[in-house]
Amino acid sequence: MVQKVPQSGISGNSSFRNMITNGDMQISQRGTSFASMGNGDTQFTLDRFGWYEEGDHGAAEITITQDTDVPTGQGFTKSLKAVCATVDTSIDAGTIAYVSQKFEGQFLQHLAKGTSSAKSTTLSFWCKSNLTGTFTISVIDQDNTRMFSTSYSPASANTWEKFIINIPADTTGALDNDNASSYRINWNLQAGTNKSNGALASAWEAQAEGDRAVGQTNFYSSTSNNWYITGVQWEIGDAATDFEHLPHDVNLQRCMRYYTRYDASEGYTRYASGFINSSTAAVAIMQLPVPMRAVPTIDHSGTAGDYSIYHGTTTTPCNSTPQLQVPSTGNDNATSVGLQLDVSSGLTAGQGCIFLGTNANTNNFFAFASEL
Amino acid sequence: MEIKNAKYVKDPLTNKNSAVNCQIGNRHCCVPMNPVNTDYQDILKWVEKGNTIEEAD
């Protein structure tokens, strides 16, 4: 039997309404553990979620992992877990540390920010911690140096709770319509007095450092401290709808716009085909699986000998680490990258070749990063 | 984020500097000299602080 779905039954459930990428913490291409980050480290952890520290954090360190502790019955299987790795209770006044996701301005034009038609939005997420104190969130408009900030407080220790944050519309300050970072949402875990001695910005305002994290609990107070988050959704409107579970492949492709990683699966992993242009050098083009935000950085193992060139019936180890050949295709939506590998001798110009890992180990990888 | 061992890479077709080999934190990488690339933006800030990128071979 065919039934007509009433309009009321689908409102508020439009596809791709979640502006957060990887809100269910499924994707973590860089690995599953990011240990002992401290003192100025900015590091991407689970895909699209970075760890940021501003100021001198002294000895304080944090470890972030992809975890399987999730709220029951919500369909989640992964969470982002932060633990205090090294205690520091005397952190400088000018410091702040947070988990954050950044957004391209061109993906937020429908918010109509900076116009009389600006949209209010709602941020929702599941969180649990052994701490029941005040945690803070800062929403930053980087293009116009404006901010909104608020707080949330777990009612019970070690218990998953869903938090819903209404973010008011901002009729001041349009976001740039480009592929640079315009907007970020920060889940603060520590703030010095200079970042917390004002008043939370319950309405959008010119960014004031003292208003960013008023009342923030110091997560660095004990190595027993933990903080979990998953099911992060940010959508237009004043209500939090159910989390939009995307297919895994769609979620992965959205992450790959900012980071794409190929790991060695076994010895002699084949990465790319190319040609030899001298006795010591070969070049190849790698097509990227999705258009990346910008011409990416190549990350590699750092060891030349982890890579080799397969030519004729011979495999020759490299004597330098992989190098980028630019320009690549598409400055704003990069679709391929050029690579060069060098050896000490023995190649024949004009032959075809394959870029390989080595048989001895699987430390080698190619990763492409165009993060915000 | 600490940047170490920064060295230019020349494009073999143009013979101009086109990328920077370096270590950024625990990442070993080759960064394109593209103003929208945030790693390159970090390198430029590092240079502004008085650090130097070694010339290409």
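Just so it is clear: chains get the letters A, B, ... in the order the sequence lines come, proteins before strands, and each one is counted from 1. Owing to the predicted nature of the structure, the values given are computational and were not obtained by experimental measurement.
Rounded to the nearest 0.5 angstrom, B:Gln41 CD and A:Leu372 CG are separated by 9.5 Å. Rounding to the nearest 0.5 Å gives a distance of 9.5 Å between CE of A:Met292 and CG of B:Asn37. For the atom pair B:Cys29 SG and A:Phe368 CZ, the distance stands at 12.5 Å (nearest 0.5 Å).
Across B:Pro12 and A:Gln325, no two heavy atoms sit closer than the pair CG-NE2, 3.1 Å.
Screening residues 13-35 of chain B for salt bridge (charged side-chain N to carboxylate O under 4.0 Å, His left out), with sequence neighbours left out, gives A:Asp299-B:Arg27, B:Arg27-B:Asp39.
There is no contact between A:Ala281 and chain B, counting heavy-atom distances below 4.5 Å. Neither the backbone nor the side chain of A:Ser181 comes within less than 4.5 Å of any heavy atom in chain B. Contacts between B:Val31 and chain A at a heavy-atom distance below 4.5 Å involve backbone atoms as well as side-chain atoms.
With contacts defined as side-chain heavy-atom distances shorter than 4.5 Å, the pair A:Thr297/B:Pro32 qualifies. Under the 4.5 Å side-chain criterion, counting only non-hydrogen atoms from C-beta, B:Asn26 is in contact with A:Gln43. You'll find the side chain of A:Arg293 reaches within 4.5 Å of the side chain of B:Val36, heavy atoms only.
Within residues 46-58 of chain A, no residue approaches chain B closer than 4.5 Å by heavy atoms.
Among A:Pro322, A:Ala180, A:Ser301, the residue with the largest count of heavy-atom pairs under 4.5 Å with chain B is A:Ser301.
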